[in-house]
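This report refers to the structure that appears directly beneath it.
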Amino acid sequence: MTDTTTTEPTDKMASPPPGGLPKAYRPSEVEGAIYERWLAADVFAPDGAGSRPDPDAEPFTIIQPPPNITGSLHLGHAQRAAVEDLMTRHARMTGKAALFLPGLDHASIAAQFVLDGIIARDGESRQSLGRERYLERMQDFVTTTREVIVSQERRLGASLDWNRLRYTMDDVSAKAVRVAFKTLHERDLAYRTEALVNWCPGCRTSVSDLEVVSTPETGTLWSIRYHRVDDATGEPLPDESVTVATTRPETILGDTAVAVHPDDARYRALVGRRVRIPFVARDVPIIADAVVDPAFGTGAVKITPAHDHDDHETGKRHGLAMPTILDDAAVVSGTGTAYDGLDRYVARTAILADLDARGDLVGEKPHEMVLGRCQRSNDVIEPRLKTQWFVRTEPLAAKALEATRSGRTRIVPDHFEKTWEHWLTTIRDWNVSRQLWWGHRIPAWYCPDGHVTVSAELEGPSACEDCGRPAAELRQDPDIFDTWFSSGLWPFSTLGWPDETDDFRRFYPTSVMETGYDIIFFWVARMMMLGIELTGSEPFHTITLSGLIRDPFGKKMSKTTGNVVDPLAVMEEAGADALRFALIHGATSGQDQRFGPQKLELARNFANKLWNAARFVLGARPTEIAVDAARTAPAEADLGPIERWIRSRAAAATAAVDRAMADYQFGEVTRALYDGIWSEFCDWGIELAKVRLADESVPVDQRAATWWTLVDALDTYLRLLHPVMPFVTEAIWAAIPHRADDPDLLMVARWPAAAGRDERVDAALGEVIETIVAIRNARAHADLPAGAWLETHLAMATDSRATFEAMAPAIGRLARARPLVPHDRSADLPRPDGALEIVLPSGSFEATVLPPAASDDAVDGAAGRDRARLEKELEEAEGHLVAARARLANTAFTDKAPPAVVEGARTRATELAEQVARLRERLGR
RNA sequence: GGGCGAUUGGCUCAGUGGUUAGAGCACGCGGUUCACAUCCGCGGGGUCACUGGUUCGAAUCCAGUAUCGCCCACCA
């Protein structure tokens with residue numbers, strides 16, 4: 001579907017001729033070449049050749065949350081980019097040295113999960129390839145995805161400084177990881193110990209607490225009889241037993257005790273005796289521990305210290321043995337029973353059957369419980385005893401908490417501070433070891449004597465730190481770091497830390513961390529903890545958290561549900577500008593938003609509206625002004641109320657946008673611009689100006705002033721909108737006259753000052769607009785032909801006379817009132833039969849519209865309909881008047897409310913009373 | 001079990017104490033005015049979830065209730 005009449009080569013689109021824009025707004029053509037122009041002008045970097053930060057400008061830094069290198073971008077990424085780019089472009093235009101630093105995350109476990117799926121299609125697996133070939137395969141994979149991601153971000157218009165592109169697996173990050181870990185180790189904030197970790201049998205690695213998803217499920221609670229053994233003979237006593245309750249019978253094989261509550265009279269005599277664990281022929285003690293809830297199950301608990309968190313703690317308190325019974329794949333092993341080699345759930349079934357056969361399975365009932373599942377693979381997490389590296393979080397969390405409590409770091413919206421507080425105050429040590437291949441290898445070396453050497457050197461230590469054994473005899477830890485460990489260093493590793501680089505000195509601490517609230521713990525908290533500890537300062541002064549993008553039904557977008565939206569497809573259809581606007585417009589910070597075609601359509605229509613408004617302004621240039629005329633400020637004396645109003649409203653929009661930007665209320669930014677540009681500038685500013693521009697009787701200088709006023713306002717709106725819709729604003733801006741000190745590109749032009757606000761002219765024009773709307777309303781209600789020019793009489797207060805004189809042609813045109821006859825007093829208005837009566841609350845204007853010739857069938861009944869309208873208006877006005885008077889009659893109100901409010905209420909009541917009186921009079925009451 | 005958020009017109013959402021609660025979409029009526037039908041004009045439509053409280057005044061603040069959503073949580 002191509003329209004050959006309006007299509008022009010794209011190279012011309014990028015730089016349209018002065019005074020003209022292509023007729024049709026085609027986003028993909030407009031956007032096509034502009035990014036290249038920006039790149040060529042070198043304006044993305046704060047120190048780029050085309051950048052123009054103020055000489056003494058403070059830096060403004062946003063480090064991009066690095067997308068996972070596992071695939072293409074989704075709408076969430078587009079939202080990240082839109083919001084961050086909005087802030088960056090705004091900062092750049094306000095003269096700051098703005099750095100928006102791009103990056104990619106190697107996404108260790110997520111990437112392996114994806115790659116495992118890909119190679120599985122070729123019948124391969126991690127094990128079949130081996131570590132080296134697997135990592136080569138990974139390199140191929142990420143090389144492809146990297147290009148896809150970068151090109152998508154460019155398509156979105158993100159003004160990222162590509163020269164500073166970083167990657168969590170590059171050399172600088174690798175060094176930062178080593179140095180960070182060594183530093184933590186030296187400060188005793190990283191330690192290695194055997195502990196119960198969350199093991200995912202599917203991923204074959206441990207995962208952090210955050211990666212375990214609590215899932216409510218209905219399981220079974222089995223009651224199992226353990227037989228006592230005779231203290232003297234060591235033989236089981238067939239008639240004496242203790243019944244325990246468990247949801248995981250297979251862990252019987254790892255039991256090393258049975259626990260009861262110390263105060264439980266039922267079992268008091270048994271404490272200290274022993275029972276025999278079935279199948280493994282192990283006799284274990286009955287111990288007393290307050291952790292046991294006597295009311296749950298049988299009041300006796302089997303203790304499996306190597307496979308359960310509670311039991312592990314109990315085991316430590318009582319010095320119990322901790323036999324491991326499951327291997328990496330969650331297969332029973334090393335128990336010396338027939339169950340060795342069986343999967344945990346197969347073993348469970350077999351054990352239950354065998355217990356039943358022995359008569360020791362004494363009960364089972366359904367049980368509501370919470371299972372931990374792997375965030376990545378959804379496998380049931382198995383607690384296992386492993387020797388791993390941990391980061392001591394308590395001292396780090398204390399500093400992070402202090403930063404937000406003191407206000408040095410602010411969270412927007414602030415209610416997330418409660419979540420932040422809760423998590424950081426109950427945090428447990430962070431297991432950073434992963435038994436994966438794709439990631440940063442832990443820089444710890446072990447010598448045969450068991451010494452540990454942590455080294456920050458690329459080639460590792462030259463010898464064991466403790467005993468001096470040479471490097472050749474040392475063995476490096478095979479594990480890698482949790483992917484979030486390198487992400488946690490991101491705000492400073494990207495700037496060159498641990499080296500004192502120029503960038504680090506200049507841009508750290510960064511300004512704003514913008515990301516989705518779903519990774520506040522995974523990422524934001526860890527950046528804060530590690531950043532403060534390692535660099536001595538908070539990594540950013542503000543954290544802004546966005547909500548999630550959902551589908552039109554409020555469902556989370558996911559590949560399995562099939563409701564994901566491809567940003568590229570959206571941009572192809574509606575443009576990057578529209579996508580950005582829609583994502584920002586629909587959002588309140590921290591709140592999820594639904595995304596659907598309507599929001600996109602709204603945004604695309606808005607871009608189209610702006611495009612056409614610009615086309616009008618450019619085409620409306622008075623012939624007296626040369627096409628390439630330099631931008632001149634119109635003389636004050638040549639400005640009428642219309643021009644002053646246009647200027648004032650642009651200033652009001654600027655102030656509103658400034659306010660919203662300062663509060664990180666980006667949805668409010670787009671709202672102010674949508675209303676300002678569409679409802680004010682287009683609907684009224686341009687429509688009112690049209691009349692002046694087309695009026696040959698208006699002096700040339702004044703017509704020129706009108707046009708320059710439109711250009712000024714358009715210029716202001718383009719600047720204000722640029723951070724949200726960079727492409728279309730840049731394209732239009734290229735076509736309008738510039739000021740002498742303007743750069744070639746809007747992107748590096750200066751942010752407008754909110755100057756020219758005039759509240760008196762706002763009020764005066766407000767009344768004129770109200771009058772025009774009222775006349776239109778009356779005509780529409782009376783079913784008069786919309787296009788008919790009707791004789792209209794207007795009465796006005798004396799002080800409105802000057803405004804009227806200046807605006808009569810505009811009022812006439814917009815209200816289709818011709819001739820338009822002024823009167824001093826309402827009483828002078830002619831009121832023939834069938835005249836439409838216009839009564840306004842403000843009282844500045846009052847009007848009658850004379851009907852067309854009575855013989856016209858089309859207006860038959862118009863008078864009656866007009867009367868009905870007035871009746872309704874009267875009813876409403878009376879209702880308001882009663883309320884207003886009641887309010888004023890209340891002395892509590894007049895005594896306590898602020899004087900301005902009381903005064904406003906009085907004015908309101910007076911106006912209402914006058915309106916009611918006039919309406920009554922018109923209705924003949 | 002603890003915490004957080006939401007509840008405003010048919011739909012999606014703004015609006016954190018002050019006149020008459022707004023927008024877009026949808027809906028109804030009317031429009032070929034030379035920027036735009038991706039448009040223009042006019043209109044209908046809401047006791048702001050509920051109960052109580054604070055206040056001269058509450059969609060807005062407080063307490064409670066209900067419903068929905070999310071986060072956190074090692075009772076077998």
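If you're wondering where the values come from, they're calculated on a predicted model, not measured in any experiment. In what follows, every chain begins at residue 1, and chains take the letters A, B, ... in the order their sequences are listed.
RNA chain B is contacted by no residue of residues 547-556 of chain A, taking any non-hydrogen atom closer than 4.0 Å. A heavy atom lying under 4.0 Å from RNA chain B marks the following residues of residues 897-909 of chain A, by number: A/A897, A/P898, A/V901, A/R908.
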Check: Going through the checks in order, is the side chain to side chain contact (heavy atoms under 4.5 Å, CB included) test met by A/L784 and A/L836?
Finding: CA-CA 10 Å; A/L784 296 178; A/L836 307 186; 3.4 Å; yes

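Put simply, CG on A/D414 is 13 Å from P on B/rC4, counting in whole angstrom units. Separating the CD atom of A/E680 from the P atom of B/rA23 is a distance of 13 Å, rounded to the nearest angstrom. Going from atom CD of A/Q593 over to atom P of B/rU12 covers 14 Å, rounded to whole Å. The nearest whole Å value for the distance from the NZ atom in A/K896 to the C1' atom in B/rG18 is 16 Å. For the pair A/L21 CG and B/rC36 C1', the interatomic distance rounds to 13 Å; values are reported in whole Å. Distance, A/Y517 OH to B/rC72 P: 11 Å, rounded to whole Å. Rounded to a whole Å, the CD atom of A/E313 is 14 Å from the C1' atom of B/rC75. In this structure, A/R659 atom CZ and B/rG15 atom C1' are separated by 14 Å, rounded to whole Å.
Using a 4.0 Å cut-off between charged side-chain N and carboxylate O, A/D866 and A/R869 make a salt bridge. For the pair A/E911 and A/R908, the salt-bridge criterion is not met [side-chain N within less than 4.0 Å of a carboxylate O]. By the 4.0 Å N-to-carboxylate-O rule, A/E687 lies close enough to A/K690 to be salt-bridged with it.
Between the C1' atoms of B/rC56 and B/rG64, the separation comes to 26 Å (whole Å). If you take atom C1' in B/rA6 and the same atom in B/rU65, they sit 16 Å apart, rounded to whole Å. Between B/rA14 and B/rA23, the distance separating the two P atoms is 16 Å to the nearest Å. Between the C1' atoms of B/rG53 and B/rG46, the separation comes to 25 Å (whole Å). Spacing of C1' atoms, B/rC48 relative to B/rG15, comes out at 11 Å, to the nearest Å. For the P atoms, the distance linking B/rG9 with B/rC50 amounts to 11 Å, nearest Å. Annotation: B/rU32 and B/rC27 have their C1' atoms spaced 24 Å apart (nearest Å). On the P atoms, B/rA58 is 14 Å away from B/rG17, given to the nearest whole Å.
Nucleotide B/rA59 forms no Watson-Crick or G-U wobble pair with any nucleotide shown, as no partner meets the under 3.5 Å limit on both distances. For B/rA6, the paired nucleotide is B/rU67, the pair qualifying as Watson-Crick or G-U wobble because both relevant distances are below 3.5 Å. Using N1 to N3 plus N6-O4 or O6-N4 for Watson-Crick, or N1-O2 and O6-N3 for G-U wobble, each under 3.5 Å, B/rA21 pairs with nothing. The pairing partner recorded for B/rC48 is none, the criterion being a Watson-Crick or G-U wobble arrangement whose two distances lie under 3.5 angstrom. Applying the Watson-Crick and G-U wobble criteria (two distances, each under 3.5 Å), B/rC27 pairs with B/rG43. B/rU33 is unpaired under the Watson-Crick or G-U wobble criterion, no partner having all donor-acceptor distances under 3.5 Å. Pairing of B/rA14, defined by two Watson-Crick or G-U wobble distances under 3.5 Å, is not identified with any nucleotide.
The side chain of A/V292 approaches B/rA76 more closely than any other nucleotide in the set B/rA14, B/rA76, B/rA35. You'll find that the side chain of A/E668 is closest to B/rA14, out of B/rC72, B/rA14, B/rA76. Side-chain proximity of A/I686 to B/rA35, B/rG18, B/rA76: nearest is B/rA35. Relative to the side chain of A/A892, the nucleotides B/rG5, B/rC56, B/rA76 differ in distance, and B/rC56 lies closest.
Summarising the geometry of A/A713 relative to A/I646, their closest heavy-atom pair is CB-CG2, 3.6 Å, with the distance given to 0.1 Å. The two residues A/W789 and A/R818 make their nearest non-hydrogen contact at CH2-NH2, 3.3 Å.
Within the 4.5 Å cutoff, the side chain of A/F606 has heavy atoms near those of the A/I677 side chain. Side-chain contact check for A/E767 versus A/L840: every heavy-atom pair is 4.5 Å or farther apart. At least one side-chain heavy atom of A/R865 sits under 4.5 Å from a side-chain heavy atom of A/D783.
Among the protein residues, A/T891 comes within range of no part of the nucleic acid, since none of its heavy atoms lies under 4.0 Å from any strand. Residue A/K599 is in sugar-phosphate contact alone, with no base atom involved, counting any heavy-atom pair closer than 4.0 Å across all strands shown. Base engagement by A/R816 is indicated by at least one non-hydrogen atom pair under 4.0 Å involving a base atom. A/Y674 comes within contact range of the sugar-phosphate backbone alone, with a heavy-atom separation under 4.0 Å but no base atom that close. Across all strands, A/Q915 comes closer than 4.0 Å to no nucleic acid atom at all (heavy-atom distances).
Taking the six-membered ring for Trp and the full ring otherwise, the centers of A/H261 and A/F296 sit at least 6.0 Å from each other. Between A/W678 and A/Y674, the ring center distance clears the sub-6.0 Å criterion.
Just one of A/I411, A/V524, A/L548 meets the side-chain contact (heavy atoms from CB on, under 4.5 Å) condition when paired with A/Y517; it is A/L548. A side-chain contact (heavy atoms from CB on, under 4.5 Å) with A/L579 is found for one member of A/R604, A/M571, A/Q79 and no other, namely A/M571.
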Check: Base, backbone or nothing for each nucleotide of nucleotides 37-45 of chain B, written B, S, -, heavy atoms under 4.0 angstrom, 5' to 3'?
Finding: -BSSSSSS-

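Looking at A/Q591, its side chain has no donor and acceptor atom pair within 3.5 Å of the base of B/rA14.
The residue among A/R615 and A/N890 whose nearest nucleotide of RNA chain B is located toward the 5' end is A/R615. Nearest-nucleotide mapping onto RNA chain B: of A/Q665 and A/R887, the residue sitting toward the 5' end is A/Q665.
There is no side-chain donor-acceptor pair under 3.5 Å between A/T515 and A/W523. A donor and an acceptor atom, one from each side chain of A/N431 and A/S206, are located under 3.5 Å apart.
Taking 4.0 angstrom as the limit, A/T588 places a side-chain polar atom (N or O) nearer than this to OP1 or OP2 of B/rA14.
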